[in-house]
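Every chain is numbered from 1, with letters handed out A, B, ... down the list of sequences.
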There are 2 protein chains.
Amino acid sequence: MLRLSKLTDYAVVVLLAMAERVPEPASAGVRTSPCLAGATGVPEPTVAKVLKALSAAGLVASLRGARGGYRLMRPLEEISVADVVTAVDGPIALAACIEGAASPCEVHHSCAAKGQWQLVNDAVCAALGAISLADMREAAVPPLLRPSGRPVTSLPFSQIAE
Amino acid sequence: MLRLSKLTDYAVVVLLAMAERVPEPASAGVRTSPCLAGATGVPEPTVAKVLKALSAAGLVASLRGARGGYRLMRPLEEISVADVVTAVDGPIALAACIEGAASPCEVHHSCAAKGQWQLVNDAVCAALGAISLADMREAAVPPLLRPSGRPVTSLPFSQIAE
DNA sequence: AGCAAACAGGACTTCACAAGTCCGATTAGG
DNA sequence: CCTAATCGGACTTGTGAAGTCCTGTTTGCT
């Protein structure tokens with residue numbers, strides 16, 4: 001179905017939640033997995049799984065030990081959707097015969113399409129790379145519903161919009 | 001992994017094979033499933049399955065009965081990758097919360113991303129809609145390797161290019 | 001120093017979708 | 001009218017994602 005994994009979906013939600021302003025400034029932007037799970041509604045183990053992938057990719061930094069957590073490494077404007085997809089789902093490879101794919105096309109006869117998908121793959125990568133998480137945040141809430149400084153993602157948006 | 005199904009891959013290969021010139025002009029562009037299977041190397045039942053989907057989408061027309069087969073409805077230039085993907089894999093819906101998706105996002109709490117993915121989805125659709133099968137055919141075989149009139153997809157291209 | 005909190009990494013179970021296969025319905029030709 | 005070849009839909013199988021849990025390590029607090 002040309003769908004990306006739900007983990008990627010969760011990753012975007014989590015990253016948007018991390019960018020929210022926290023009440024106490026002492027935390028310096030550090031959020032724990034249970035905290036983010038509560039803010040987003042995503043199950044806590046799943047949040048942890050997503051954060052591990054994001055940490056491995058360098059999108060967030062982890063602080064171990066008590067009072068540890070995760071912290072955004074870059075502002076939302078500098079994180080593209082392609083970055084998140086790559087971090088969670090691995091390199092973008094629509095077809096089997098794409099550079100970076102693990103199995104290089106086991107069936108050689110049917111591989112008349114070899115190289116052709118690269119064109120499509122590049123186009124999709126460009127499209128995903130052109131959209132930042134900040135763009136998605138803007139698109140998420142209509143301007144009328146977005147008072148300045150209010151944490152947008154903590155609102156029950158689905159009930160407001162629909 | 002943000003991958004599209006192998007059926008879509010096969011569909012492109014089959015469509016490219018259908019656009020090839022056939023030796024006898026009497027067939028008027030009608031090709032049977034076994035014929036296309038032999039030309040592409042894709043298993044015959046799979047070819048039949050792909051052609052069924054393409055026929056339902058109107059990309060090809062089916063002629064039943066003896067000496068029947070399938071025929072291209074449009075030239076390759078007027079068939080976009082998005083058309084093929086939609087025909088084989090259904091409507092393009094990267095995330096669960098996209099218009100056209102079957103299940104409308106069972107988890108409302110985590111749906112802070114509602115509406116956000118639409119932006120990404122539209123971008124991908126636009127990217128896929130801008131590429132035609134003719135473009136892919138051009139990209140498939142470098143000009144040096146493409147003598148005029150020679151059936152390109154029957155070449156063991158993977159061995160030549162790599 | 002000991003305890004509690006939180007991340008890191010892995011393995012495991014469950015389950016849904018895709019992949020591939022088959023048989024019946026339909027139609028054109030002999 | 002019969003035969004043959006094809007399309008059409010339904011079915012079974014297998015792979016991969018999704019989600020969960022456990023153990024080990026690190027750090028702050030008491």
When we call it a touch if two heavy atoms are under 4.0 Å apart, what does L51(A) touch: a base, just sugar-phosphate, or nothing?
nothing

Using heavy-atom distances to pick each residue's nearest nucleotide on DNA chain C, tell me which of A61(A) and T8(B) is more 5'.
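Upstream on the strand: A61(A).
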
Write down the atom of V85(A), the atom of I92(A), and the distance for their closest heavy-atom approach.
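Scanning both residues, the minimum pair turns out to be CG1-CG1, 3.9 Å.
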
For [X] and [N], give me the distance from atom [atom1] to atom [atom2], rounded to whole Å.
| X | N | atom1 | atom2 | value |
| --- | --- | --- | --- | --- |
| K49(B) | dG9(D) | NZ | C1' | 11 Å |
| L4(B) | dA18(C) | CG | P | 12 Å |
| L2(B) | dA18(C) | CG | C1' | 16 Å |

Taking the basic N atoms (NZ, or NE/NH1/NH2) and the acidic carboxylate oxygens, is any pair closer than 4.0 Å for E77(B) and R137(B)?
yes

Measuring from the side chain of [X] (C-beta onward, heavy atoms only), which nucleotide among [options] has the closest atom?
| X | options | value |
| --- | --- | --- |
| R64(A) | dC7(C), dC29(D), dA18(D) | dC7(C) |
| P34(A) | dC7(C), dC7(D), dG19(D) | dC7(C) |
| S62(B) | dA28(C), dG8(D), dA17(D) | dG8(D) |

Between P45(A) and G65(A), which is nearer to the 5' end of DNA chain D once each is assigned its nearest nucleotide?
P45(A)

So which one's nearest nucleotide on DNA chain D is more toward 5', G69(B) or K52(A)?
G69(B)

Decide yes or no for S33(B) and L51(B): does some side-chain heavy atom of the first lie under 4.5 Å from some side-chain heavy atom of the second?
yes

Are the side chains of D9(B) and W117(A) in contact, using a 4.5 Å heavy-atom criterion?
yes

Taking only side-chain N and O atoms of T46(A), does any of them lie within less than 4.0 angstrom of OP1 or OP2 on dT20(D)?
yes

